[in-house]
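Indexing begins at 1, ligand by ligand and atom by atom, following the structure's order. In what follows, every heavy atom counts, from backbone to side chain, and hydrogens, waters and symmetry copies are set aside. Fair warning: this is a prediction, and the values are worked out from it, not measured in the lab. Position 1 is the first residue of the sequence, and the numbers go up from there.
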Amino acid sequence: MPPRVSFLGLGAIGTPMASHLVGRYDLAVWNRTAARAEVFVQQHGGRAVPTPRAAATGSSVVFTCLPTSRDLERLLDGPDGLEGGLERGALLIDCTSGDPATSIRIAQRLAMRGVGFIDAPVSGGTNGAAAGTLTVMAGGAEADVQRGRPYLESFATRIEHVGPVGAGHALKAINNSLLAVNILALAEGLAGLAKAGVAPRKALEVLNASSGRSFVSEVLVPERVLTGAFPNTFRLALLAKDVGIGVQLLESQHVGGPMISLAAELFRAARAALGEEADYLEAIKLIERQAGVELRG
Ligand code: NDP
């Protein structure tokens with residue numbers, strides 16, 4: 001019998017991640033909206049369970065992938081809560097893009113029950129999750145990260161142990177802060193170029209053979225903005241949350257530069273303007289509107 005593993009949080013990225021665990025492990029899934037767990041079982045397999053506690057019971061490894069670390073902290077509580085089901089010797093692998101301070105608190109709480117914790121946020125997007133090629137930034141004790149590694153290899157091709165509990169979340173927050181800065185800066189630059197008579201696709205061709213290129217210029221803008229596709233893969237609200245964590249990290253380390261703070265402010269404003277369900281690249285539409293030009297072609 002393969003080890004029992006559970007996965008809680010079947011959202012846009014949790015679903016494809018969890019799908020890789022089916023077959024390798026005896027998988028239990030839980031989702032706040034139970035209907036999504038039922039759909040998962042129909043499409044991929046595994047077993048849906050009614051409570052977080054039931055998911056943890058008997059599991060040697062428990063994965064979580066929620067919007068925030070506070071959501072995970074709240075999930076631990078109560079008679080049906082996750083903590084009640086976690087057994088001594090189990091390992092909680094949190095793939096949320098969370099915040100270091102809350103993760104440290106959760107790890108200390110679980111350590112008192114003999115349960116290990118690693119923060120293991122991922123990079124690579126929903127496409128990378130579907131392909132099983134995510135990068136994991138893991139924070140935690142060496143022994144816990146080593147224990148989690150074979151499980152993480154179900155959906156990740158690169159697993160980096162970057163420091164103690166919270167270090168994975170810190171690195172992920174800075175990664176996404178850089179993503180946010182790149183999105184805003186590239187959109188502004190392309191809008192200016194378009195109005196000056198340089199077509200966005202031509203501008204990107206040249207930028208991508210030059211030193212201004214980034215993942216945003218090489219992949220995201222050509223495939224999702226210039227085409228007008230704007231697929232919903234990652235909620236702008238979640239990116240705004242990540243940049244906010246990036247700012248908190250910098251403040252806690254007394255690094256006071258303006259770049260990431262400004263990106264956080266702009267993404268907070270974009271979240272207020274576009275709502276909780278908008279995709280992160282729709283921030284570019286606000287820049288287009290302000291500039292009076294559309295980046296298509
Ligand atoms: P979604 O918004 O698509 O899904 C969120 C999931 O969390 C849903 O299963 C939702 O349940 C559940 N949830 C929300 N609030 C609570 C709560 N209070 N208690 C319990 N469950 C809750 O998010 P994603 O899947 O896109 O993202 C999940 C995490 O992964 C985030 O931290 C995000 O920043 C990160 N991430 C996302 C990437 C992406 O490309 N989408 C890429 C890399 C990281 P319900 O179905 O009931 O709403």
[X]/[Y] ion pair, N-O < 4.0 Å:
X: Arg224; Y: Asp279; value: no
X: Asp77; Y: Arg74; value: no
X: Lys285; Y: Glu288; value: no

- Message: Enumerate the ring-ring contact (aromatic ring centres under 6.0 Å, His included) contacts for residues 220-243, please, sequence neighbours excluded, ordered by first and then second residue.
- Response: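 Counting only pairs at least two positions apart or across chains, the ring-ring contact (aromatic ring centres under 6.0 Å, His included) contacts touching residues 220-243 are Phe234-Tyr280.
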
Against heavy atoms of [X], which atoms of ligand 1 measure under 4.0 Å?
X: Leu10; value: 9 (O)
X: Thr33; value: 45 (P), 46 (O), 47 (O)
X: Val122; value: 43 (C), 44 (C)
X: Cys65; value: 28 (C), 29 (C), 30 (O)
X: Lys172; value: 43 (C)
X: Gly125; value: 40 (O)

Would [X] count as a polar contact of ligand 1, with the cut-off being nitrogen or oxygen pairs under 3.5 Å?
X: Ser97; answer: yes
X: Leu75; answer: no
X: Ala12; answer: yes

- Query: Do Leu86 and Leu21 belong together in a cluster built from hydrophobic side chains that touch within less than 4.5 Å?
  - Reply: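 Different clusters.
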
- Query: Is it true that Leu8 and Val61 fall in one hydrophobic cluster, defined by side-chain heavy atoms closer than 4.5 Å?
  - Reply: no

What protein heavy atom sits nearest [atom], and how far off is it?
atom: atom 16 (C) of ligand 1; value: Arg32 NH1, 3.4 Å
atom: atom 27 (O) of ligand 1; value: Leu238 CD1, 3.7 Å
atom: atom 32 (O) of ligand 1; value: Leu66 O, 2.9 Å

Using a 4.0 Å heavy-atom cut-off, which part of [X] comes near ligand 1: side chain, backbone, both, or neither?
X: Arg235; answer: side chain
X: Asn31; answer: side chain
X: Thr233; answer: backbone
X: Arg36; answer: side chain

Cut-off 3.5 Å, no hydrogens considered: what does the side-chain donor-acceptor table look like for residues 179-197, sequence neighbours left out?
| from | atom 1 | to | atom 2 | distance (Å) |
| --- | --- | --- | --- | --- |
| Asn182 | ND2 | Leu178 | O | 3.2 |
| Lys195 | NZ | Ala291 | O | 2.5 |

- Task: Kindly say whether the aromatic ring centers of Phe63 and Phe155 come within a distance under 6.0 Å.
- Result: yes

- Ring centre gap for Phe40 and Phe7 strictly below 6.0 Å: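 Ring centroids of Phe40 and Phe7 are no less than 6.0 Å from each other.
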
- Check: of Pro67, Ala37, Gly9, min heavy-atom distance to atom 5 (C) of ligand 1 comes from Pro67

